[in-house]
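Take a look at the structure below.
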Amino acid sequence: MSAEQQHRDGQAADPGPRSLAQALRERDDASLGALLRSRPDLLHPVPTDVTQLATRAGTRASVLRALEHLDRFALQAAEALAVAPDPASYQELLDLLAGDDGDEEVAGALPATVALLRERALVWGGEDRLRLVRTARELLAPSASHSSPTGLGPSVAEATSGMSPGRIQAILTAAGLPHTHDAVSAVAALSALFADRARVAELLEGAPEASREVLGRLVWGPPYGQVTAEPAAHLRWLLDRGLLLPTTPGTVVLPREAALSLRGGRAHRVPEPTRPQVAVAAERKPQVVDAAAGGQALAALDTVEELLRSWDEGGPAVLRAGGLSIRDLKRTATVLEVPEPVAAFWVELAYAAGLIASDGGYVEEHHDRHDRPDADAEGYEDEETRDARTRRRSGEAEHYAPTPEYDAWRDLPPADRWAWLLEAWLPGTRTPGLIGGRDGRDRTLSALGPGLDRSPAPEVRRRVLELMAELEPGQAPDPATLLERLRWERPLRSAGPRREQPEPPRAGVRPAYGGGVAANDPEALRTKLTEWALLEAEMLGVTGRGALASHGRALLGTEGRSEGAGAGAPAAGSARATVVAALLAPLLPEPLDHVLLQADLTAVAPGPLVRPLAEALGVLADVESKGGATVYRFTPGSVRRALDAGRTATELHAFLDRHSRTPVPQPLTYLIDDVARRHGLLRVGASSSYVRCDDESVLDEILADRRATALRLRRLAPTVVAAQADPRTLIEGLRAMGFAPAAESAEGDVMIARPHAHRTPPRTPPAPVPDGPPAPDATLLTAAVRAVRAGDRAATAPRKDTPEAPGGLPRTSPADTLATVQAAAMTGESVWIGHVNAEGAASQRLLAPLRVEGGYVTGYDHTADEVRTYALHRITGVAELAEEADGAEPAR
């Protein structure tokens with residue numbers, strides 16, 4: 001037996017419910033919970049009863065969201081119902097999707113699709129009376145200005161609604177139909193003609209070839225065309241027979257019935273009942289994939305750490321509108337040795353992880369006064385806000401800098417630091433690939449600036465990883481088929497036929513990161529989000545050589561950040577981070593505590609170094625190249641930098657001897673001793689500034705050097721020279737001349753120049769912009785279903801006739817109200833009350849009073865399904881339940 005036959009046999013001949021509310025009322029609790037789970041927007045706030053739930057499910061915003069979360073075949077079924085008669089039978093829907101020739105795949109997939117549409121309250125009614133929710137029909141049905149997404153236009157009845165009866169009768173005559181007595185029967189006869197495939201084919205046998213070509217261009221949509229006041233003969237032939245009907249002056253349309261006959265009964269040219277399969281572009285050993293991903297993860301950590309190290313003493317300034325300037329982004333890209341779009345990605349990732357922020361706190365740090373626990377005083381202003389206000393008034397520029405969380409992050413093991421970054425990347429809605437593009441107001445989008453949040457990004461990112469996880473370990477997906485699968489799962493609705501999709505990435509072609517996308521082009525955005533997700537996963541080490549790594553699969557198999565965990569400490573607050581870090585750790589090399597010194601004044605670090613060694617070596621030498629091994633070069637300037645930081649030559653020799661696996665080369669020993677011998681021979685202090693040296697010949701050499709002219713030096717004593725330049729400029733000038741001066745304090749002591757680590761005040765990472773309400777958990781669903789059921793029982797309980805106040809509330813005198821609720825409390829009966837709260841909102845409640853005292857009545861509120869207390873002066877009146885309701889009253 002076929003699937004559609006089983007579906008039909010499983011349905012009764014009963015026409016079904018008369019409204020959506022009745023259909024929802026007849027569901028069991030599991031089905032009602034499934035509806036609320038699939039459409040969480042219906043839960044905010046929790047509906048008071050089933051009628052309110054049905055009303056909310058039919059609102060435009062909710063229906064639009066529900067349609068956007070349908071897969072392509074479910075959306076095609078909804079589009080077919082929108083052009084079908086209302087109501088339509090299951091067979092009529094099947095015929096529209098499968099066509100005259102039938103389609104086994106469509107017939108097999110349709111029962112589950114109809115069940116899905118029913119579950120999401122987009123379709124209701126019996127098997128022979130399927131009804132699409134009215135709002136969905138209005139959204140998907142054709143109108144006078146646009147066609148249906150199926151490419152079909154209005155029906156004959158809709159297109160001829162304003163046509164004169166004489167004109168309709170003339171069309172009947174030209175089409176070979178007899179005259180009728182009224183326009184209604186004439187329209188029905190014309191509709192029946194166009195719905196008959198054989199009669200339409202017979203009518204077109206005598207049509208000019210040009211007329212058939214016009215119909216061929218309109219049949220799959222759009223069905224509208226333009227004609228002149230004097231149409232050509234082949235167009236006149238179609239107009240005379242009603243195959244083209246006028247809609248507005250100069251515009252004609254192919255009626256729906258005729259188009260379906262020419263299509264063979266299909267509402268869609270290509271029904272897509274089965275989801276596309278993701279093809280495999282390459283297959284590699286899982287060990288190779290994991291090793292490649294581990295290398296990428298290590299490189300990602302190095303890149304983020306290099307970024308934060310370069311901003312350690314204060315990063316770029318914040319633009320007035322927020323974000324980085326183009327010049328600062330270029331400088332950052334130069335430091336990281338990556339293209340600018342990739343540098344923007346690392347900057348945004350560090351920002352999302354809470355590792356960098358603005359030090360002023362008034363750009364992008366918008367806090368609602370009412371969101372703060374101590375913000376109940378008017379004019380509340382916290383320390384951060386006062387600091388920002390002071391900076392603005394003083395004209396001091398804001399800068400980006402590492403946050404205090406950076407210090408905690410860099411002290412973690414490498415795998416935990418990587419998991420911290422992944423916890424920020426996976427749910428993040430800020431989209432670095434948009435940087436450099438334009439927003440809706442044609443303004444350039446900048447890194448760390450506003451306007452980069454795109455709520456679909458986390459869903460696309462996670463779904464890309466899920467589809468990759470469905471492949472066997474080591475298999476890399478074909479990007480084109482991956483994108484086609486995502487398009488099938490989340491097709492984008494449009495008012496007319498679907499536009500040509502953007503060209504997907506071809507297999508073997510690596511798309512460039514960034515480049516932006518048009519602000520009003522959601523199809524291009526989804527394509528770009530898919531490409532960016534693949535590239536970002538590769539850069540982060542979630543994937544290796546295009547395939548999902550084992551630690552990447554763990555991202556999808558465990559829960560995310562635990563409830564209540566700090567936003568800045570994902571590694572400590574996430575079960576997912578713990579699992580991922582444990583899987584990644586064996587793939588990362590152990591940090592080394594040694595380097596290899598070479599005779600050419602270089603040191604080779606054959607792997608990552610332990611932090612104290614890396615920091616000390618970063619001061620003593622300059623990084624010459626990075627990669628699998630990092631090469632450091634010792635120069636006079638780098639040695640002088642270490643001496644300025646307070647190290648002595650003896651300490652530097654001991655440090656190198658302790659951490660080198662090779663003997664310390666003699667040239668390096670000579671370099672350190674030579675720089676140390678000259679270091680501090682000259683002393684620069686603050687007057688305007690001065691130079692002091694015990695060796696008079698050295699000062700003579702400086703004064704005779706033409707390069708010292710700009711410093712405007714003047715000898716005050718045999719061993720002291722004054723300068724009209726600040727100490728910093730003087731030191732730099734002398735160093736450019738080949739000397740090694742040292743700064744000294746007012747007491748004459750050598751000043752040690754240690755780098756100043758600048759940190760922002762405590763900051764919270766940017767919160768993702770959610771794509772609608774969050775998915776409800778099981779506890780909320782159970783409570784919501786219970787509340788809806790209780791409210792529905794209360795709302796449908798009959799009551800005795802009683803005078804009503806405006807709004808339908810019961811109305812009784814205060815004395816009668818008090819007497820009735822006291823009697824109900826004594827007998828244990830339930831009563832209807834009308835209640836107006838402190839905000840003036842009126843409601844009706846079904847209350848079983850328990851006690852009445854002190855001007856309040858406390859009882860079990862069947863509407864809210866809980867015990868509540870109401871002030872008697874806010875009760876407008878009381879009504880007793882009808883006798884027949886006694887047996888149906890819900891139990892307390």
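All heavy atoms count here, side chains included; hydrogens, waters and symmetry mates do not.
- Within a 6.0 Å radius of CZ in Arg786, no more than 12 heavy atoms belonging to other residues, nucleotides or ligands are found.
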- prompt: Does the side chain to side chain contact (heavy atoms under 4.5 Å, CB included) test come out yes or no for Leu70 and Arg120, once each step is laid out?
  reply: CA-CA 10 Å; Leu70 294 177; Arg120 300 192 180 181; 3.8 Å; yes
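- Stacking of Arg118 on the aromatic ring of Trp124 is not recorded, the 6.0 Å distance cut-off and the 45° axial limit not both being met.
- Residues Arg60 and Leu139 meet the side-chain proximity criterion, which asks for heavy atoms closer than 4.5 Å.
- At a threshold of 4.5 Å between non-hydrogen side-chain atoms, the residues Thr527 and Leu483 count as touching.
- Here the closest non-hydrogen pair linking Gly125 and Leu130 is O-CD2, 4.2 Å.
- The closest side-chain heavy-atom distance from Leu35 to Arg27 is below 4.5 Å.
- Using a distance-only test at 3.5 Å, with no hydrogens or angles considered, no donor-acceptor pair links the side chain of Arg137 to the main chain of Leu132.
- Side-chain contact between Pro458 and Thr429: present, with at least one pair of heavy atoms (C-beta onward) separated by less than 4.5 Å.
- The nearest pair of heavy atoms linking Val83 to Ser148 is CG1-OG, 3.7 Å.
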field: Working for side chain to side chain contact (heavy atoms under 4.5 Å, CB included), residues Glu536 and Arg461
entry: CA-CA 9 Å; Glu536 290 170 2; Arg461 194 178 296 130; 3.9 Å; yes
field: Residues Arg72, Glu484; criterion salt bridge (charged side-chain N to carboxylate O under 4.0 Å, His left out); working and verdict
entry: CA-CA 11 Å; Arg72 182 164 295 175; Glu484 184 55 35; 3.4 Å; yes
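- Within the 4.5 Å cutoff, the side chain of Val580 has heavy atoms near those of the Leu555 side chain.
- Of all the heavy atoms in Glu79 and Leu140, the pair that sits closest is N-CD1, 4.0 Å.
- We find that Glu489 and Arg485 are joined by a salt bridge, their nearest charged nitrogen and carboxylate oxygen being less than 4.0 Å apart.
- Taking 4.5 Å as the limit, some side-chain heavy atom of Pro271 sits within range of a side-chain heavy atom of Gln76.
- Counting heavy atoms from C-beta outward, Leu421 and Trp409 have side chains that approach closer than 4.5 Å.
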